[in-house]
Number of protein chains: 2
Amino acid sequence: MATPTLATVAKLAGVSTATVSRALQRPDKVQPETRRRIMEAVAATGFVPNSQARNLRSRASRTVILLVRDISNPFYLEIYKGVEEAAVEAGYSVLMGDARDDDQRIQHYVDTVRARHADGLILMIGRFPEALKAEIPRLPPIVIALETFPDIALPTVRIDNIAASREAVNHLIGLGHRRIAHITGPMPERLALDRLAGYRAALAEHGIGEDEALVLNGDFSLAAGRRAVRRLFETDTAFTAIFAASDQMAVGAISELRARGHHVPADISVVGFDDIVLADAFEPPLTTVHQPRFAIGRQAMAQMIAMLSNKAPATTPDILMETRLIIRGSTGPRHGVARRSRLRGHVSSA
Amino acid sequence: MATPTLATVAKLAGVSTATVSRALQRPDKVQPETRRRIMEAVAATGFVPNSQARNLRSRASRTVILLVRDISNPFYLEIYKGVEEAAVEAGYSVLMGDARDDDQRIQHYVDTVRARHADGLILMIGRFPEALKAEIPRLPPIVIALETFPDIALPTVRIDNIAASREAVNHLIGLGHRRIAHITGPMPERLALDRLAGYRAALAEHGIGEDEALVLNGDFSLAAGRRAVRRLFETDTAFTAIFAASDQMAVGAISELRARGHHVPADISVVGFDDIVLADAFEPPLTTVHQPRFAIGRQAMAQMIAMLSNKAPATTPDILMETRLIIRGSTGPRHGVARRSRLRGHVSSA
DNA sequence: CTGAAAGCGCTAACAT
DNA sequence: ATGTTAGCGCTTTCAG
């Protein structure tokens with residue numbers, strides 16, 4: 001049996017296709033009795049409107065693409081849920097795409113929107129491809145979430161990474177730590193730069209001199225956390241605490257510390273960033289910066305809906321969401337000189 | 001500036017729209033010189049074919065929906081990647097949807113396919129909604145991954161849950177454990193039933209009697225793992241090992257055991273299922289059943305492509321993927337009577 | 001090898 | 001309140 005179309009339903013209900021269309025779109029514009037007959041026919045035929053045709057005609061797909069840096073990072077899932085909830089309420093669908101930090105893939109998703117497969121793009125990627133900058137005038141509606149691109153004026157929903165990092169590092173300083181290492185995000189990116197800036201601000205505030213050996217490049221991954229700790233030992237750098245720019249790196253760092261016989265937080269304190277789901281089940285439970293992921297997702301979609309409804313405000317919105325430092329078991333007071341030298345001993349014997 | 005269409009390009013290149021379409025679809029059917037002019041015009045206008053119109057005409061969307069039980073379970077992300085890779089190779093796109101164990105949402109996604117938004121559906125959900133069973137004759141192409149529905153003949157890609165669970169429990173028995181608890185998946189589901197069956201088979205094989213107090217209902221979540229351990233203590237049930245039907249539950253269980261002062265694996269051994277990303281960074285590193293997630297995703301998409309190309313084999317394929325027990329730090333030999341009674345003491349004092 | 005013309009299924013004007 | 005008509009942008013016969 002062929003797929004039923006508007007015409008199938010129209011014939012069965014004894015009305016024109018236009019009336020069926022109206023009964024489905026604006027039920028109040030059609031007589032109750034007619035509507036009833038039409039609905040009956042719809043049910044009888046199992047009719048589902050062909051969205052391709054509908055969208056072709058109405059020049060909108062009511063779909064939005066959420067493009068993330070790396071889909072295998074569970075961090076984005078909670079954001080997706082926020083986006084999806086706001087979307088469904090407004091009658092939109094959400095499609096999640098994986099950018100994998102690859103310009104080609106990003107371009108592909110932009111083209112998907114240009115091909116009218118989706119109406120807009122919510123970007124959570126670290127880089128804005130050069131090739132796209134040239135196309136800005138003819139780009140589809142875009143909202144940036146979590147990230148920021150300084151020279152590009154697009155609606156943005158983000159957190160204050162500098163302030164959040166400062167608070168995290170201040171927590172460590174408050175516990176007596178002075179030799180605090182920082183594992184950064186992928187490096188020339190705003191996100192990573194801001195968290196580093198927050199780290200530096202906290203140190204400066206307390207008159208603690210910087211030591212470049214304490215700053216390790218990372219990329220948010222578990223492996224990067226392990227690598228950073230290894231490097232600290234290889235370079236004989238003394239430290240009593242670590243501030244990692246992501247929970248995954250914090251977990252990697254703790255795992256490597258443990259492998260080398262150091263205890264967290266007894267010997268070394270560790271702070272993460274993100275508050276991933278497993279953060280409080282981890283041993284030790286992670287002290288970390290909580291981001292309101294769900295709310296960020298909702299806000300981003302709200303901005304997108306505003307753009308798509310042409311309710312665009314005069315100025316480009318830049319919405320700041322609140323973060324919160326959650327203190328759990330992975331941080332503790334710095335230990336006395338004895339322990340410090342014990343650590344030093346380990347280091348030099350490495 | 002309006003979005004360029006075929007006509008825009010055609011005019012610029014001085015040819016008909018049909019020729020432009022051909023140049024894009026089957027370049028060999030058009031003269032090299034003409035083709036070159038057309039490509040130039042495409043580049044100049046920034047033309048991207050409108051997929052709605054194309055699909056409306058060609059009656060295919062080249063998109064597949066991957067519908068998962070719960071999108072916030074990172075377990076599915078690796079599968080998504082496998083699906084996506086196979087899809088991209090064949091010129092398909094993938095859309096990931098969140099079923100949340102809700103019949104309405106599932107129906108919505110089926111309708112999305114019926115609305116020609118997608119060509120097929122890869123299902124990784126625990127229940128096949130009753131309402132859908134009636135519609136089976138007019139359902140779109142569907143592939144089932146990970147799960148199975150006994151009375152429904154659809155192409156399936158899965159693992160042997162019974163054998164995998166048996167192997168996991170045998171490992172515990174080999175370490176000397178006899179009082180082994182099992183935390184199940186969501187309960188009347190095939191997946192949960194099979195893992196329970198494997199658990200029972202291993203016990204039977206070694207003449208170990210069953211104790212219903214050792215079987216706890218779960219739902220794959222971290223919280224369920226915690227709850228199960230609490231219940232074991234509340235009911236005064238002696239045990240020296242736990243086999244959890246998911247890593248998340250294993251992590252929850254370990255976290256609760258620790259909170260009650262028990263050490264893993266010194267006092268209690270724990271085995272999980274899935275081998276999630278954090279399994280080996282966890283403390284202790286999790287002994288667990290590894291599933292070839294990426295390969296499962298690829299296979300599922302391969303089946304889907306076969307269905308969509310009408311290369312459907314005579315019989316409904318049921319593809320079994322290999323699992324592997326990975327032994328890490330969360331399991332160890334059962335301790336002597338002394339420790340056992342120490343545990344008992346804890347229990348009775350609870 | 002290329003062009004003219006029809007039409008995929010729907011919605012938006014316009015007419016009644 | 002409902003029907004008629006004309007396309008949305010593309011692919012696909014069918015001619016030439």
Side-chain angles (χ1 to χ4, degrees), chain A residues 1-39 41-42 45-63 91 111-119, chain B residues 1-39 41-42 45-63 91 111-119:
Chain A
M1 164 189 108
T3 351
T5 73
L6 262 195
T8 324
V9 176
K11 202 193 294 174
L12 189 64
V15 294
S16 76
T17 60
T19 307
V20 178
S21 175
R22 268 188 293 255
L24 263 33
Q25 298 305 302
R26 274 181 291 278
D28 50 301
K29 292 272 177 200
V30 87
Q31 215 140 38
E33 164 55 16
T34 320
R35 189 169 55 208
R36 200 193 49 70
R37 277 212 324 280
I38 291 175
M39 288 320 189
V42 165
T45 54
F47 168 75
V48 176
N50 180 320
S51 62
Q52 317 270 18
R54 168 180 291 178
N55 297 338
L56 176 57
R57 186 63 237 235
S58 48
R59 323 178 119 273
S61 64
R62 298 201 77 79
T63 297
D111 283 348
T112 303
V113 180
R114 304 264 297 286
R116 312 269 13 137
H117 224 102
D119 296 343
Chain B
M1 166 189 107
T3 351
T5 73
L6 262 196
T8 325
V9 177
K11 202 192 295 177
L12 189 65
V15 294
S16 75
T17 59
T19 307
V20 178
S21 176
R22 269 188 292 258
L24 263 31
Q25 298 305 302
R26 274 181 292 278
D28 50 303
K29 292 272 180 201
V30 95
Q31 214 140 40
E33 164 56 15
T34 319
R35 190 171 51 209
R36 199 193 50 69
R37 276 213 325 280
I38 291 175
M39 288 319 188
V42 166
T45 54
F47 169 75
V48 176
N50 180 320
S51 63
Q52 317 271 16
R54 168 180 290 178
N55 297 339
L56 177 58
R57 192 61 238 235
S58 48
R59 323 179 121 272
S61 63
R62 298 201 76 80
T63 297
D111 283 347
T112 303
V113 180
R114 306 262 298 286
R116 313 269 12 137
H117 222 101
D119 296 343

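Below, read A as the first sequence line, B as the second, and so on, with proteins coming before strands; counting in each chain starts at 1.
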Visitor: Rounding to an integer number of Å, can you tell me how far R37(A) CZ sits from dG3(D) C1'?
Guide: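 Checked: the CZ to C1' distance equals 14 Å.
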Visitor: Using a 4.0 Å cut-off on protein heavy atoms (strictly under), produce a 5'-to-3' string for nucleotides 7-16 of chain C with B for base contact, S for backbone-only sugar-phosphate contact, and - for none.
Guide: BBBBBBB---
Visitor: Nearest 0.5 angstrom please: R22(B) CZ to Q25(B) CD, how far?
Guide: 11.0 Å
Visitor: Would you say S16(B) places a side-chain N or O within less than 4.0 Å of OP1 or OP2 belonging to dG3(C)?
Guide: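 Yes, S16(B) has a side-chain N/O under 4.0 Å of OP1/OP2 on dG3(C).
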Visitor: Axis-to-axis angle across the helix from dC1(C)-dG16(D) to dT16(C)-dA1(D), five pairs an end, to 10 degrees?
Guide: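 Angle reported: 30°, given to the nearest ten degrees.
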Visitor: Within the 3.5 Å criterion, strictly below it, is a donor on H117(A) or T112(A) matched to an acceptor on the partner's side chain?
Guide: no
Visitor: Before giving the answer on side-chain contact (heavy atoms from CB on, under 4.5 Å), spell out for L24(A) and M39(A) the whole-Å C-alpha distance, their side-chain angles and the decisive distance to 0.1 Å.
Guide: CA-CA 9 Å; L24(A) 263 33; M39(A) 288 320 189; 4.0 Å; yes
Visitor: Among dA1(D), dG3(D), dT2(C), which nucleotide sits nearest the side chain of Q31(A)?
Guide: dA1(D)
Visitor: According to a strict under-4.0 Å criterion, is T34(A) in side-chain N/O contact with OP1 or OP2 of dA1(D)?
Guide: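 No, outside the criterion.
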Visitor: Under the rule for side chain to side chain donor-acceptor pair (under 3.5 Å), what residues qualify as partners of R54(A), not counting sequence neighbours?
Guide: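 Testing R54(A) for side chain to side chain donor-acceptor pair (under 3.5 Å), a comparison that skips the adjacent residues, returns none.
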Visitor: Begin with the C-alpha distance, continue with both residues' side-chain angles, and end with the deciding distance and a verdict on side-chain contact (heavy atoms from CB on, under 4.5 Å) for R59(B) and N50(A).
Guide: CA-CA 10 Å; R59(B) 323 179 121 272; N50(A) 180 320; over 6 Å; no
Visitor: Show, in sequence, the C-alpha distance, side-chain angles and deciding distance for I38(A) and V42(A), and conclude whether the side-chain contact (heavy atoms from CB on, under 4.5 Å) test is met.
Guide: CA-CA 6 Å; I38(A) 291 175; V42(A) 165; 4.3 Å; yes
Visitor: If only side-chain N and O atoms count, and only distance matters, is there a donor-acceptor pair under 3.5 Å linking S61(A) with N55(A)?
Guide: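 The criterion, which ignores hydrogens and geometry beyond distance, is not satisfied for S61(A) and N55(A).
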